[in-house]
Amino acid sequence: MLPIYLVERLETEEDVAYVEKIYVEQGSKLFAAANKILHDESIAWGVVHDTVIVLIDYLEEYKAWDDAHQKNFLYKCEKNFVLKELRKRKCRNGRTVSLEGYEEATGRELADETQDIDEWFYSEENAAAIRNAISNMNNTYGDILFFKYFVNMRNKDIAATFGLSVASVNMRVSRAMAMLRKELKGKLL
Amino acid sequence: MMNKLNLEQFVRIALQTPDMKEYEEYMAIDASSVVIPAHVDRKIKRNIRRKIEGKKPISAKKITARILLVALIAMSIMFVTIMAYGETREIVLRAFVEWKDSFISVRYGDVNGGIVPSLDKNKEDATEKDSSTQEDIKEYPKTIEEYRSPSYVPSGIIEVPLISNQTMQIIEYYTTDEELAYVFEQQTWTDGNKYFDNEDAMIEDFVLGDGSFASFVKNNGKKDIHLVWNDGEYIYVLTSYLISKEEMINIANSVMATSDRGV
């Protein structure tokens, strides 16, 4: 049996090699996607960098996911960092992002008109309906649900990672769930 | 029986299946023209290493140091709290004084910084004297208050006083052929240490008649023999060039106040 300090060291080296491999394989693709929106190579590489850092933070979970989920994670992370950069630009240009401003200023939640359909028996059809609803949802909300319920990130971690206020994250989660309820009304079996 | 699930639970289950629409969108991104700049590549790889290294678990050494620091702070706060009360402070101070009274030891030695040879040569004696009290501390004469010299002089030897001052007395002894037989020295503790060449030296310890610890020092290839001792007040050195060790011991045992000898 290897000494424990050696095992720890090996694990670390393996992790470094693992993350570097992802970066080498996916870095260009992430950069291309970010640069297509941001049109600034320096900032786009910064976004790639930020994405890799989040990957490291959730490395153990990432290793356990299948390929499609891993790609979803990287892509969703990157898109949220791109949004963060866009928000910065809008703020610099003297404009506020209406959604953020609205949520933070009013603290209002969307009215949940479908509280009466809160529980259902599990069925693959119901799961598929929810999956489709999330998939068709605006990324701003769909991604929040992904990070919260699939990655198991806490609201404050989502906020810290993507440069949002905790109030905004709470609001988006609440709003996404309300949208889901509204979307699913009458569709669930 | 199948339980009902709420929306959150359904969302968790639904998200276990990846969003293939997004996956396909991502896979369709054309990155063929992208070249990662070397400096960006270096920077990101360096940051990857830093980030992962930074995630290493805290070492046991750091944990121990933190525990000790917390313990130290806690003890300091406790001590300050305890000492803030007059009565408690008095109890602690009294206990400390009692402890000090019970366990303090006073070393018997030269108050002027000298070393008593007998203390170093005999541990039992040193231990005994360690436990003595303040009253046992003896101040050695800083000047020679009483000149002492051997009362025994072998036949055919002539005594020739050489030096006699406040800190040292030297007497030489010659044969009738005016050959130097031996030299007697008496000196104070404050007159400095007596040094002997210890290269190839043979040192033999023994006790004189008055209980003083003495040492013979003889260097190989040299004719002279040194006999060194102290009587608790002065240091004596007898250096022989002609006489035997037995005679030297007899001479050393006969040292007494010069005035008593009627000289």
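We name chains A, B, ... by the order of the sequence lines, and we start the count at 1 in each one. Bear in mind that the values here come from a model prediction, so they are computed numbers and not experimental data.
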A.B. asks: Starting at CG of B:Asp41, measure out to CH2 of A:Trp45 and round the result to the nearest 0.5 Å.
C.D. replies: 8.0 Å
A.B. asks: Would you please test B:Ile36 and A:Val48 for side-chain contact (heavy atoms from CB on, under 4.5 Å) and show each step?
C.D. replies: CA-CA 11 Å; B:Ile36 302 177; A:Val48 174; over 6 Å; no
A.B. asks: Checking A:Phe150 against chain B: side chain, backbone, both or neither under 4.5 Å from a heavy atom?
C.D. replies: both
A.B. asks: Let me confirm one number: the CD1-CZ distance from A:Ile56 to B:Arg50, rounded to the nearest 0.5 Å.
C.D. replies: 12.5 Å
A.B. asks: Assess whether side-chain contact (heavy atoms from CB on, under 4.5 Å) is satisfied between A:Tyr75 and B:Glu25, documenting all intermediate values.
C.D. replies: CA-CA 9 Å; A:Tyr75 195 32; B:Glu25 187 182 316; 2.6 Å; yes
A.B. asks: Starting from the C-alpha separation in whole Å, work towards a yes-or-no answer on side-chain contact (heavy atoms from CB on, under 4.5 Å) for A:Asn152 and B:Arg12.
C.D. replies: CA-CA 9 Å; A:Asn152 290 324; B:Arg12 280 185 203 281; 3.0 Å; yes
A.B. asks: For the side chain of A:His49 and the backbone of B:Val40, is there at least one donor-acceptor N/O pair under 3.5 Å apart?
C.D. replies: no
A.B. asks: With rounding to the nearest 0.5 angstrom, report the CG to CZ distance, B:Asp19 to A:Phe146.
C.D. replies: 9.0 Å
A.B. asks: Under a 4.5 Å heavy-atom cutoff, which of B:Asp30, B:Val11, B:Ile13, B:Val35 has the most pairs with chain A?
C.D. replies: B:Val11
A.B. asks: Identify which part of A:Asn35 has an atom lying under 4.5 Å from any heavy atom of chain B, answering side chain, backbone, both or neither.
C.D. replies: neither
A.B. asks: Using a 4.5 angstrom heavy-atom cutoff, name the option from A:Gln26, A:Lys148, A:Lys36 with the most pairs to chain B.
C.D. replies: A:Gln26
A.B. asks: Please round to the nearest 0.5 Å and tell me the distance separating atom OG1 of B:Thr17 and atom CG of A:Asn72.
C.D. replies: 11.0 Å
A.B. asks: Heavy-atom distances under 4.5 Å only: say whether A:Glu124 touches chain B with side chain, backbone, both or neither.
C.D. replies: neither
A.B. asks: Return the minimal non-hydrogen interatomic distance between B:Leu15 and A:His69, and the atom names on each side.
C.D. replies: O-NE2, 2.8 Å
A.B. asks: So which residue, B:Lys21, B:Glu24, B:Met20, ends up with the most heavy-atom pairs under 4.5 Å with chain A?
C.D. replies: B:Lys21
A.B. asks: Find out whether the Lys NZ or Arg CZ of A:Lys29 is both under 6.0 angstrom from the six-membered ring centre of B:Tyr26 and within 45° of the ring's axis.
C.D. replies: yes
A.B. asks: Which bit of A:Ile53 comes within less than 4.5 Å of chain B, counting heavy atoms only: side chain, backbone, both or neither?
C.D. replies: both
A.B. asks: Report the option among A:Tyr23, A:Trp65, A:Phe31 that has the most heavy-atom pairs separated by less than 4.5 Å from atoms of chain B.
C.D. replies: A:Tyr23
A.B. asks: How would you list, in number order, the residues of residues 84-95 of chain B that have a heavy atom less than 4.5 Å from chain A?
C.D. replies: none
A.B. asks: Under a 4.5 Å cut-off applied to non-hydrogen side-chain atoms, are A:Leu180 and B:Phe10 in contact?
C.D. replies: no
A.B. asks: Find the one option among B:Pro18, B:Ala31, B:Ala14 whose heavy-atom pairs under 4.5 Å with chain A are most numerous.
C.D. replies: B:Pro18
A.B. asks: Nearest 0.5 angstrom please: B:Gln16 CD to A:Tyr149 OH, how far?
C.D. replies: 13.5 Å
A.B. asks: For A:Asp50, which atoms come within 4.5 Å of any heavy atom of chain B: side chain, backbone, both, or neither?
C.D. replies: neither
A.B. asks: Do B:Asn47 and A:Val52 come close enough that some side-chain heavy atom pair is under 4.5 Å?
C.D. replies: no
A.B. asks: Answer whether the closest heavy-atom distance between the side chains of B:Lys45 and A:Val24 falls below 4.5 Å.
C.D. replies: yes
A.B. asks: Between A:Lys71 and B:Glu22, is there a salt bridge with N-O shorter than 4.0 Å?
C.D. replies: no
A.B. asks: For A:Lys79, which atoms come within 4.5 Å of any heavy atom of chain B: side chain, backbone, both, or neither?
C.D. replies: side chain
A.B. asks: Go through it in stages, so that I can follow the logic: the residues are B:Arg49 and A:Val19, the test is side-chain contact (heavy atoms from CB on, under 4.5 Å), and I'd like the CA-CA distance, side-chain angles, deciding distance and then a yes or no.
C.D. replies: CA-CA 9 Å; B:Arg49 288 182 177 275; A:Val19 176; over 6 Å; no
A.B. asks: Identify, with sequence neighbours excluded, every residue that meets side chain to side chain contact (heavy atoms under 4.5 Å, CB included) alongside B:Phe79.
C.D. replies: B:Met83
